[in-house]
Amino acid sequence: MITILLIIFGVFIVATVPVAYALGLSSMVWVVFSERVPLIMIPQRMFAGIDSFPLLAIPFFIFAGQLMATGGISTRLINVAQVLVGRFKGGLAYVNIVVSMLFAGITGSATADTSSIGSVLIPAMKEKGFDSDFTVAVTATSATIGIIIPPSIPMVIYGILMNQSIGTLFIAGAIPGLMVGIILMLTSGFISGKRDYPAGDAYSILETVRIIADGMLPLFTIVIVLGGIIFGIVTPTEAAVMAVVYSFILSVFVYRSVKITDLPRLMMDTILINGMVMLMVGTATIFSWIITSQELPKEIGNFLLDTISNKYMMLMLFNLVLLFAGAVLDLTPAMIIFIPVLAPIAQYVGIDLIHFGVISVVNLGIGLFTPPVGACLFVSCSIADISMRDSIRGFIPFYIGMFISLMLVTYLPALSLWLPSLLIN
Amino acid sequence: MNIRKALFSGVLEWVSLLAYAALIVLTVIQVLSRYVLKMPVTFTEEMGRFLFIWVSFLGAALVMKNDSHMRLDILKDKLSTRVTTALELFVYTAILIFSVVVFSESFRLIKATTRQIAPVSRLPMAVVYLVLPISTFFMSLYSVRYMYLAIKNIARDRNDK
C-alpha cells in the first residue's frame with residue numbers, strides 16, 4: 001500500500017502537478033483505497049499541520065527580509081563590510097561574503113540575500129575587473145550562508161516537521177554558518193591570488209568610524225533577533241515580529257527607502273510566499289502521517305542497518321539523497337518531501353535530530369546554486385547577465401569549498417551541538 | 001456578470017491583507033504585554049494562530065489565482081507544446097479534484113465541530129475552520145478557469161491546422 005502512495009506521488013510530481021497538490025492528492029488516493037481512515041482526516045490534518053505558533057515566524061521573517069532588502073539597510077551593511085575587509089587583495093569578494101554573513105543574521109532566506117546584495121556588488125565587482133563567472137559564484141554561494149546562520153526559514157520548517165526546538169536549531173547553525181563563511185573566504189582568496197584581482201581602497205580612521213556608526217542601526221537588528229533568541233528572552237516568532245517592527249521603522253521612517261504606499265505590495269508578496277509554503281506544509285502533514293503510521297522509516301532504517309552497518313557510510317548516503325533532492329527541487333519542497341522520510345530514519349539509526357537539521361540545511365543550501373534548479377544561481381546569473389553554462393567554471397572551487405564544509409558539518413557533530421549544549425545548561 | 005466580477009476582483013486580496021496586518025499587530029501586542037505589562041499571552045497566541053491559518057489558506061488560494069504553486073519544471077522546456085497542453089489539462093483536473101474533495105469534507109468537519117469552542121478566546125471552532133471551504137472554493141474556481149484556457153488553446157491549435 002505504501003509503495004502505491006510513493007509511486008502515485010512520483011507520477012504526479014513528474015507530470016508537473018504542483019508539489020503541494022501532489023502531496024495532498026496521493027494521500028487522498030491512499031485514504032480512499034486503504035479504507036482505514038475517513039476522508040475527513042484530510043482537511044483535519046491540513047489544518048492541524050499549520051495550527052502552530054512557531055510557524056508564525058515564517059511570514060514575519062519573509063516580510064522583515066523584504067523590508068531590509070529595499071535599499072537603505074543593505075547599502076549600509078555593504079559599506080560596513082567594505083570598511084572591514086575591502087582593502088585586502090580581491091577585496092570585493094570578501095565584502096560580498098561578509099555582507100552575506102551580516103545579512104544572514106537578519107533575514108532567514110538566501111534568495112532575498114542574493115538579489116539585494118548581488119544587484120549592488122555584482123556590477124561593482126565586474127567594473128573592478130573581476131571575471132563574471134567568479135563574481136556570480138561568490139555571490140550565489142555566499143548567499144546560502146543566509147539559511148545556515150540564524151534566523152533561518154528552512155530551520156523553522158525543519159523544526160515544525162520534526163517537532164524540534166526552533167531556538168536550538170537556530171543556535172546549532174551559528175558555528176557551521178561562520179565556518180562556511182571562513183571557508184568561502186579562503187577559497188576566494190586563493191582564486192583572487194591566482195587571477196590577480198585588485199584590492200579595494202583603505203579607509204582613514206575617521207571614515208571607518210563614520211561608516212561603522214552609520215551601520216549601527218541596521219546591525220542592531222542582529223542583536224535584537226539573535227540576542228533575543230540565544231538568551232531565551234523571546235521565542236523565535238516574537239523575535240521575528242520584532243525584526244518586522246524594527247525594519248519597518250528603519251526603512252519607512254529613518255531611511256525612507258520604503259513608502260507607505262509600497263507596503264500593501266510588499267505584504268501581498270509575503271502572503272503569497274507564505275501561502276505557497278503553508279499549503280505544502282499542510283498537505284505534507286497528511287503525507288508524512290501516513291508514512292509514519294505505516295512504519296516506513298523503521299523498515300528502511302532496519303534495511304539500512306542490515307546492509308550498511310557503518311554510521312559514516314549511512315551519513316554519506318543521506319548527504320547524497322539530500323544533494324540530489326536540492327538539485328532537482330526548490331529548497332522548501334525538497335525539505336517538505338524528504339525530511340519527513342529521511343529524518344526519522346536518521347533518528348532510528350542514532351543520529352541526533354538537531355545535528356541532522358544542520359546537515360540537511362547545508363545540503364539543500366548547496367542545491368540553491370546547483371543546476372538544473374538553483375534559485376540563487378538563477379538570480380545572480382541574471383543580474384550579471386551571463387548564462388548558467390558560462391558561470392560553471394567559476395563555481396568549481398566554491399563547490400569544493402562547500403563540499404569540505406559539508407563534510408566537516410556531517411562528521412563533526414560538535415560543530416552543531418556544542419553551542420546549544422553550552423547555552424541550554 | 002456581477003457575480004463573476006466579485007469572485008475575480010480583489011476581495012480575497014483585501015481580506016488576506018487585513019488579516020495579515022492584524023496578525024502583525026496582535027503579535028506585537030503579545031510581545032509588549034509579556035515584557036511591559038506582564039500579562040499572560042494565551043489569548044493573543046490563540047488568536048494569532050487562527051489569523052495565521054486564515055492568512056495561509058487564503059494566500060494559498062491566491063497563489064492558485066496566478067497558478068504559481070511550486071512544481072518540478074525542469075522537464076517543461078523539453079516537451080512539445082501538445083504534450084504540455086495535455087499535461088496542463090491533467091494538472092488542473094488534479095487540482096480541481098483535490099479542491100472539491102477538501103471543500104466538501106471541510107463542510108462535514110465544520111458540521112461535526114459546531115459545538116466545539118476554542119479554549120481561550122471562546123471562539124466557535126467552526127468559524128476558524130470556515131477558511132478551508134472558502135480557500136478550496138476559490139482554488140476550484142481558478143483551476144476551472146485554467147482548464148478552460150487550456151482547452152481554448154487546444155481548440156485554437158486545431159483551427160490553425
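Per chain, numbering begins at 1; letters A, B, ... match sequence-line order.
- Using a 4.5 Å cut-off between heavy atoms, B/L23 contacts chain A through both its backbone and its side chain.
- Looking at B/F98, the atoms closer than 4.5 Å to chain A (heavy atoms on both sides) sit in the backbone and in the side chain alike.
- For the set B/F57, B/F90, B/F52, the entry with the most heavy-atom pairs within less than 4.5 Å of chain A is B/F52.
- Only the side chain of B/N66 comes within contact range of chain A, with at least one heavy atom under 4.5 Å from a heavy atom of that chain.
- Of the listed residues B/L132, B/V55, B/V91, the one with more heavy-atom pairs under 4.5 angstrom with chain A than any other is B/V91.
- With a threshold of 4.5 angstrom between heavy atoms, B/S99 approaches chain A through side-chain atoms but not through N, CA, C or O.
- For B/V131, no part lies near chain A; criterion is any non-hydrogen pair under 4.5 Å.
- For a residue to count as touching a neighbouring chain, one of its non-hydrogen atoms must lie under 4.5 Å from one of that chain's; by this rule B/I53 touches chain A with backbone and side chain alike.
- Among the candidates A/V281, A/I42, A/T270, the residue making the largest number of heavy-atom pairs closer than 4.5 Å to chain B is A/T270.
- Of the two parts of A/V234, the backbone and the side chain both hold a non-hydrogen atom closer than 4.5 Å to a non-hydrogen atom of chain B.
- At least one donor-acceptor pair under 3.5 Å links the side chain of B/E46 to the backbone N or O of B/V120.
- Listed options A/L272, A/V244, A/T332, A/V277 were ranked by heavy-atom pairs under 4.5 angstrom with chain B; first place goes to A/L272.
- Each of A/N274, A/V328, A/D51, A/V19 has some count of heavy-atom pairs under 4.5 Å with chain B, and the biggest count is that of A/D51.
- A ring-centre distance under 6.0 Å is found for B/F107 and B/F103.
- Nearest heavy atoms, B/S16 versus A/I271: O-CD1, 3.5 Å.
- Separating the CD1 atom in B/I97 from the OG atom in B/S140 is a distance of 11.0 Å, to the nearest 0.5 Å.
- Here the side chains of B/V100 and B/T136 are not in contact, with every heavy-atom distance at 4.5 Å or above.
- The heavy-atom pair separating A/M388 from A/F378 by the smallest distance is SD-CE2, 3.2 Å.
- Ranked by heavy-atom pairs under 4.5 Å with chain A, the first of B/V102, B/I95, B/L62 is B/I95.
- Exactly one residue among A/I147, A/I273, A/I58 makes a side chain to side chain contact (heavy atoms under 4.5 Å, CB included) with A/I153. That residue is A/I58.
- Note: A/L377 CG to A/T111 OG1 = 12.5 Å, rounded to the nearest 0.5 Å.
- Interface residue A/M276: backbone and side-chain heavy atoms are both found under 4.5 Å from chain B.
- In terms of non-hydrogen atom pairs under 4.5 Å with chain B, the most contact-rich of A/A20, A/P59, A/P333, A/P264 is A/P59.
- If you measure heavy-atom distances from B/A61 to chain A, you find no contacts under 4.5 Å at all.
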**OP:** Might you work through the side chain to side chain donor-acceptor pair (under 3.5 Å) test for B/N159 and B/R156, ending with a clear yes or no?
**Re:** CA-CA 5 Å; B/N159 286 341; B/R156 207 187 45 210; over 6 Å; no
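- The shortest distance between side-chain heavy atoms of A/F9 and A/I337 falls below 4.5 Å.
- Here A/L55 is the residue among A/L55, A/L329, A/V14 with the most heavy-atom pairs under 4.5 Å with chain B.
- Ranked by heavy-atom pairs under 4.5 Å with chain A, the list B/V31, B/L109, B/L87, B/L58 is led by B/L109.
- If you measure heavy-atom distances from A/M41 to chain B, you find no contacts under 4.5 Å at all.
- Heavy atoms of B/Y129 lying under 4.5 Å from chain A belong to its backbone as well as its side chain.
- Interface remark: of the candidates A/V17, A/I40, A/L279, A/I40 forms the most heavy-atom pairs closer than 4.5 Å to chain B.
- Comment: B/E105 does not engage A/R45 in a salt bridge, judged by the lack of any side-chain N to carboxylate O separation of less than 4.0 angstrom.
- The aromatic rings of B/H69 and A/Y21 sit perpendicular, their planes meeting at an angle over 60°, well past the 30° parallel limit.
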